[in-house]
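Below is one structure, written out as structure tokens; comments come after it.
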Amino acid sequence: MMQLRKAVLAACVVGLSLAATPSFSQTTLKAVMHSDLKILDPIWTTAYIVRDHGYMIYDTLLAQDDKGEIKPQMLEKYDVSADSKTYTLTLRDGLLWHDGKPVTPEDCIASIKRWGARDSMGQKMMSFVESITPGDAKTFTIQLKEPTGLVLLGLSKPSSNVPFMMPKRVAETDPTKQIEDFTGSGPFVFAKDEWKPGDKTVYVKFDKYKPRPEPASGLAGGKVAKVDRVEWLAISDQQQAVNALQKGEIDFLEQPSIDLLGTLKSDTNITIVESPQLKFQYVFRPNWLQKPFDNPKIRQALWYAFNQEDFLMATIGDPAYIKECKALFICGSTFGSAKDTDGVLTSNVKKAQELLKEAGYDGTPVVLMHSTDLKALTNLAPVAKSLMEKAGFKVDMQSMDWQTLVARRAKKDPANAGGWGAVLTSWGIGDVMNPISTAYLNSACDKALFGWPCDETMEKLRDQFAREADPVKQKLLAEAVQARNMEMTQEIPVGEYLQPVAMRKTVKGFLDAPAPVFWNLEIVK
């Protein structure tokens, strides 16, 4: 009898064990991204880690493939009227939110309006829009006041801010406030209950997502989730992250430090990807609302105080991955031009000092925000501080982690009351290719991005660019925009660099795109 009881108990234990064991093993891809994720609204902020989070869980109406061509994504098709003033957009079948509800035209209309209130290109596009109205259950119409090429360019914008579609109830959130509901319709679901800032962020495959039938290309095509789970692990120490990649503790390292690339290249288990899509531009952003940068002549002194070599060597250090480029728009691109830039960005201290004296600079300290936890940005502010002080500026450099900086830069408070005077960051090439997409050129005062430049002349030039279809005239307008920026200093480009990606050789399917995306990636043992 005792033996029978033991046999029954053993059978029950085995049965419970089998019941608790999944019928298949889940595939988990572990990645270390360039930053920890603490903000979750990709429309509220331009921070790239939040953009990357957006691509995990949201989808877009249109997308650009690896050749930069605009393709339907959530759309089945779009039609443009003969006078180019009416766009009819038709959603494809099978689109569902993560809560199981169907995507509607009303959702998309609300999403476009919220994005259009925050994004530089979105604001300019919406200035041409007469109305956006729903049709039947799959269609809606954008009616323009006058023709512009910004509708397709805007709705396919590949980087910050990306026009991600959200449910109407979420998209109706005040654009100046962060959303609290993270329901998307993309290939992955945000596992909010597993989100631990400073530790990890988790995404799981959305099994009801319907990919497009075409192969994935850039940010377009079929978004097929080939892993069941993606974990972003927060490892800020680069050596620790590289060690974890080599040991197989992680699979993907988005931005390995350039000075550690030699170690990774010598490891036969590691693949290094050097994509031209992953080129970046460093920029200095003055806050026009705060002294001393409320004075345009004081801002102009920066053009003579700075030089690009110091910034690039302090941050990247390897000549193979950097480029001095004084063009406002990326060198080698359609609108990249170094016209009239010979005298600037040469650390002409004497000229900078003369401008400060002419401007009546009174020694007001510049509160310079310093990001400490992102390798690619950490040394920017110390270089700026040194060069500015040589030119005669007083600089109060305040150090903080990137996510704190991102939150603080949205504040218009006085610099001595939690505000700020200047910040440095980097933009991917997809964001700085022309006068409309380059967010820091938005000079619409309170509607502009943090830094809030207010320049009617710049806005008129950007309007002219948005209306112009002739490539020759567009190039002339881009040069006029560059000249105006040098006069008024919305931003200062301080060099370009290429950022490689590192991954285990077991990871396949990496897409050549201006943002790291995790659909199409698989782990092949």
Side-chain angles (χ1 to χ4, degrees), residues 34 238 255 257-261 279-287 292-293 298-332 336 338 340-356 361 365-400 402 405 420-429 432 440 451 482 485-486 489-500:
H34 70 274
Q238 275 287 309
Q255 293 189 2
S257 177
I258 300 297
D259 59 4
L260 296 175
L261 277 181
K279 184 185 288 186
F280 293 81
Q281 179 191 66
Y282 282 131
V283 290
F284 179 95
R285 175 70 156 181
N287 186 344
F293 291 140
I298 291 177
R299 297 195 299 269
Q300 283 179 12
L302 296 166
W303 288 93
Y304 297 93
F306 291 157
N307 75 83
Q308 295 188 339
E309 182 182 9
D310 285 2
F311 285 104
L312 292 170
M313 291 306 294
T315 51
I316 306 302
D318 188 335
Y321 293 96
I322 62 177
K323 182 179 182 62
E324 291 183 55
C325 172
K326 297 179 184 180
L328 182 58
F329 309 112
I330 294 290
C331 280
D340 299 328
T341 62
D342 287 347
V344 301
L345 296 173
T346 57
S347 282
N348 184 340
V349 172
K350 183 178 179 181
K351 177 67 174 177
Q353 291 173 340
E354 289 173 356
L355 286 170
L356 289 182
Y361 176 57
V366 175
V367 174
L368 176 64
M369 292 196 290
H370 171 215
S371 169
T372 58
D373 60 334
L374 301 190
K375 176 70 174 178
L377 301 182
T378 298
N379 291 337
L380 288 174
V383 170
K385 181 178 188 293
S386 174
L387 295 175
M388 290 168 70
E389 288 177 340
K390 289 176 183 177
F393 285 95
K394 288 187 178 179
V395 180
D396 175 11
M397 188 175 78
Q398 298 184 12
S399 302
M400 63 202 78
W402 176 243
L405 187 153
W420 58 281
V423 65
L424 291 110
T425 188
S426 65
W427 290 95
I429 60 171
V432 289
Y440 281 172
Q482 176 167 284
N485 179 65
M486 289 176 63
T489 317
Q490 279 82 355
E491 63 168 300
I492 300 177
V494 292
E496 298 176 3
Y497 69 99
L498 183 69
Q499 176 61 62

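Partner Y282 forms a ring pair (Phe, Tyr, Trp, His ring centres under 6.0 Å) with one of F311, W427, Y497 and no other, that one being Y497.
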Evaluate the side-chain contact (heavy atoms from CB on, under 4.5 Å) criterion for residues V432 and I330: first the C-alpha distance (whole Å), next the side-chain angles of each, then the deciding distance (0.1 Å), finally the verdict.
CA-CA 7 Å; V432 289; I330 294 290; 3.8 Å; yes

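Checked for salt-bridge contact, K375 and D259 meet the test: a charged N lies under 4.0 Å from a carboxylate O.
In this structure, the side chains of S426 and L377 come closer than 4.5 Å at one or more pairs of heavy atoms. In this structure, the side chains of D396 and W420 stay at 4.5 Å or more apart for every pair of heavy atoms. For the pair F306/V344, no side-chain contact is recorded, criterion being any heavy-atom separation below 4.5 Å from C-beta on. Between K326 and P493 the shortest side-chain heavy-atom distance does not fall below 4.5 Å. Proximity of V395 to P365: side-chain heavy atoms (C-beta onward) are nowhere separated by under 4.5 Å. At least one side-chain heavy atom of P500 sits less than 4.5 Å from a side-chain heavy atom of I258. Counting heavy atoms from C-beta on, the side chains of L302 and F393 come closer than 4.5 Å. Two residues are said to be in side-chain contact when any heavy atoms from C-beta on lie closer than 4.5 Å; Y440 and T425 meet this criterion.
N307 places a side-chain N or O within 3.5 Å of a backbone atom of D310 that can act as its donor or acceptor partner. Judged purely by atom type and a 3.5 angstrom limit, R299 uses its side chain to pair as donor or acceptor with the backbone of F293. At distances below 3.5 Å, at least one donor-acceptor pair connects side-chain atoms of E496 with backbone N or O atoms of C331.
Residues T346 and N348 bring no donor and acceptor atom of their side chains to less than 3.5 Å of each other.
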